[in-house]
Amino acid sequence: MSDRAKIACLGAGRMGRGIAVAFAYAGHIVEMIDIKDRSAEEFAKLKADALGEIRKTFASLSKLGLLTEADVDPLVARVSVVPASGSGTALSEAGFIFEGVPEVVELKREVLATASKQVGPDTIIASTTSTILVDDLSDAVVNPRRFLNVHWLNPAYLIPLVEVSPGKTTDPAIIDEVKTMLEGIGKVPVVCAATPGFIVPRIQALAMNEAARMVEEGVASAEEIDKAIRYGFGFRYAVLGLLEFIDWGGGDILYYASRYLEGALGSDRYRAPDVISRNMHEGRIGLRTGAGFLDYSDMDVDAYRAKRLQAMVDLLRHFDLARPPVLDRS
Ligand SMILES: NC(=O)C1=CN([C@@H]2O[C@H](COP(=O)(O)OP(=O)(O)OC[C@H]3O[C@@H](n4cnc5c(N)ncnc54)[C@H](O)[C@@H]3O)[C@@H](O)[C@H]2O)C=CC1
Ligand SMILES: O=C(O)[C@@H](O)C(=O)[C@H](O)[C@@H](O)CO
């Protein structure tokens with residue numbers, strides 16, 4: 001028998017299914033628990049729908065070359081869906097539990113409180129919330145020392161990043177255990193302080209709302225805005241971090257740009273935080289001064305730049321946009 005921890009998902013929705021695929025792919029047995037009150041017919045429909053989608057996902061991954069067609073059946077067989085009445089065994093046997101019910105604090109607290117009464121002493125419980133502060137949930141759990149937020153990005157079975165956000169009461173040893181488990185299934189965990197929205201949702205909620213606002217204001221069509229994101233914003237940030245790019249472009253530019261945009265667009269949502277003015281006035285504006293958000297003083301900057309530019313050229317080739325130079329030969 002495998003010594004890989006059993007996984008339970010509370011909720012068999014988008015995230016429950018995505019997380020189930022990620023773990024089943026990595027050799028774990030997963031039980032998705034449907035805790036919503038519904039009739040036997042409704043449960044049968046949900047179960048067929050969830051397992052059907054999981055099969056479809058594995059089948060599409062086989063077409064995309066991540067597995068063979070023959071792998072689909074054994075991978076799907078690792079996942080099951082159980083009703084609330086059968087949750088006792090699934091919860092008591094699970095090493096890790098991922099709560100994935102809708103983004104409503106009271107509902108999550110209720111589901112976590114009930115489930116946490118049925119788990120073993122060593123089980124780790126995580127909420128997959130995309131925004132809720134971990135400390136707003138932890139006191140609903142019977143053993144809050146073994147509870148934290150673990151935010152996956154959709155689609156969970158493909159996106160490497162998983163944000164881990166421990167709360168005031170989380171045992172620090174649990175953070176390491178969760179990181180090790182995530183790395184074991186090929187994910188890239190990042191730990192952040194207890195904060196609403198963690199790192200990615202906090203940044204992307206602003207960006208997503210701004211994109212929507214630009215459609216509303218008639219700045220450009222949805223298609224044009226998304227083209228700008230894929231070929232500009234996303235292209236660059238597939239290679240550079242956001243803070244790394246502040247250092248490339250210069251913190252001074254961001255300082256002036258923020259002041260201008262705040263005035264021109266008449267909104268304090270463009271106001272720069274104090275650290276941007278402090279860095280600017282103390283001369284820490286990035287690569288040009290040897291330090292910004294990152295420190296370049298002991299670095300071979302040419303080699304570092306070459307590595308990042310290489311990654312951009314690789315991306316250009318991926319998009320089939322790399323061209324040879326135009327040379328006028330007589
Ligand atoms: N949708 C996304 O792209 C992402 C969502 N998340 C987070 O994951 C969590 C789940 O989101 P989704 O999977 O997208 O939602 P979903 O709506 O697809 O799934 C929610 C699940 O909870 C069940 N449920 C609904 N009402 C319930 C109730 N009253 N009692 C018990 N169960 C109930 C549903 O039957 C379903 O199985 C949320 O906290 C969300 O913020 C995190 C990352 C990405
Ligand atoms: O990054 C993700 O996949 C999720 O956190 C979401 O898309 C959330 O629903 C959120 O960021 C939307 O604002």
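The basis for the numbers below is simple: all heavy atoms, side chains too, and nothing from hydrogens, waters or symmetry mates. The first residue in the sequence is number 1, and the count goes up from there.
- Between the side chains of T68 and D71, a donor-acceptor pair is found at a separation under 3.5 Å.
- For the pair D300 and K307, the salt-bridge criterion is not met [side-chain N within less than 4.0 Å of a carboxylate O].
- Counting only distance, with no hydrogens or angles, the side chain of R145 and the backbone of D171 share no donor-acceptor pair below 3.5 Å.
- The side-chain contact (heavy atoms from CB on, under 4.5 Å) test with R109 singles out one residue from V141, D139, D136, and that residue is D139.
- Contact check for R17 versus D49: side-chain heavy atoms found under the 4.5 Å cut-off.
- Judged by distance alone, with hydrogens and angles left aside, the side-chain atoms of E42 form a donor-acceptor pair with the main-chain N or O of S39 at under 3.5 Å.
- In this model, no donor atom of one side chain and acceptor atom of the other lie less than 3.5 Å apart for Q118 and S92.
- Across all non-hydrogen atoms, the minimal contact from G95 to A5 is CA-CB, 4.3 Å.
- Within the 3.5 Å criterion, the main-chain N or O of M181 finds no donor-acceptor partner in the side chain of K187.
- Between the side chain of K108 and the backbone N or O of V101 there is at least one donor-acceptor pair closer than 3.5 Å.
- More than 12 heavy atoms of other residues, nucleotides or ligands sit less than 6.0 Å from atom CZ of R284.
- Side chain of E31 to main chain of I33: no donor-acceptor pair is present (N/O by atom type, distance under 3.5 Å, no hydrogens or angles).
- Connection of L10 to L51 is not established within any shared hydrophobic cluster, with ILVMFWY side chains joined at heavy-atom distances below 4.5 Å, either directly or through further cluster members.
- Between the side chains of S62 and E69, no donor N or O sits under 3.5 Å from an acceptor N or O.
- A donor-acceptor pair shorter than 3.5 Å can be found between the side chains of T195 and R202.
- For P74 against A70, the heavy-atom pair with the smallest separation is CD-O, 3.3 Å.
- Contact of the M15 side chain with the S130 side chain is not registered, since no non-hydrogen atoms from C-beta on lie closer than 4.5 Å.
- The aromatic rings of H281 and Y255 sit perpendicular to each other, their planes meeting at more than 60°, with 30° as the lower class boundary.
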